[in-house]
Amino acid sequence: MSAVASINLRELRNTKQLKAWLKAGKTVELRERDTVLARIVPEAAEKPAVEWPDFEARRKAIFGDRVLPGADLLIEERERSRY
């Protein structure tokens, strides 16, 4: 969890400090006297999409076109046991 910094309305002119806190991932509380007026939250960095491996191709490379005996029975049993 990121730390919370606090800035007064008068100090808000110092955008250099505000930007430094936001770039560091800190949430900044905007205050007037002892009252919190708002919280400025830094934008979360977008995570790159994860590329999943091709599981179907891996299965085919390992087993080929073979169908394992009893696999269909497990699926039917699982479906029946749900209720």
Side-chain angles (χ1 to χ4, degrees):
M1 189 171 170
S2 60
V4 177
S6 180
I7 192 166
N8 186 312
L9 271 177
R10 288 184 188 216
E11 297 170 336
L12 192 56
R13 293 182 202 161
N14 184 3
T15 58
K16 199 179 231 184
Q17 180 65 48
L18 179 63
K19 282 194 266 184
W21 281 333
L22 292 173
K23 284 181 181 178
K26 292 184 178 180
T27 299
V28 180
E29 288 182 345
L30 181 59
R31 294 179 170 265
E32 185 175 43
R33 296 191 179 103
D34 290 331
T35 308
V36 177
L37 297 175
R39 286 187 180 85
I40 304 171
V41 181
E43 185 70 28
E46 220 174 278
K47 295 181 182 178
V50 176
E51 190 169 322
W52 286 83
D54 188 359
F55 292 114
E56 180 67 22
R58 284 187 181 187
R59 185 201 56 80
K60 193 158 190 131
I62 295 170
F63 298 108
D65 292 328
R66 255 185 327 163
V67 177
L68 298 177
D72 55 340
L73 296 175
L74 293 174
I75 293 172
E76 288 174 13
E77 185 179 323
R78 189 179 308 148
E79 287 296 320
R80 278 185 276 138
S81 68
R82 290 170 113 188
Y83 303 103

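Computed from a predicted structure; not experimentally measured.
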Margin query: Is the shortest side-chain heavy-atom distance between Trp21 and Ile40 below 4.5 Å?
Written below: no
Notebook entry, point to check: Out of curiosity, Glu32 CD to Asn8 CG, how far, rounded to the nearest 0.5 Å?
Noted result: 8.0 Å
Item checked: Contact check, side chains of Leu37 and Glu29, non-hydrogen atoms, under 4.5 Å -> no
Next item on the list: Starting at NZ of Lys23, measure out to CG of Leu18 and round the result to the nearest 0.5 Å.
Entry: 11.0 Å
Margin query: With heavy-atom distances below 4.5 Å as the criterion, would you say the side chains of Val28 and Ser6 are in contact?
Written below: no
Notebook entry, point to check: Considering residues at least two apart in sequence or located in another chain, which fulfil the side chain to side chain donor-acceptor pair (under 3.5 Å) criterion with Glu56?
Noted result: Arg59
Next item on the list: Please check if Val36 and Val41 belong to a single hydrophobic cluster, counting links between Ile, Leu, Val, Met, Phe, Trp and Tyr side chain heavy atoms closer than 4.5 Å.
Entry: no
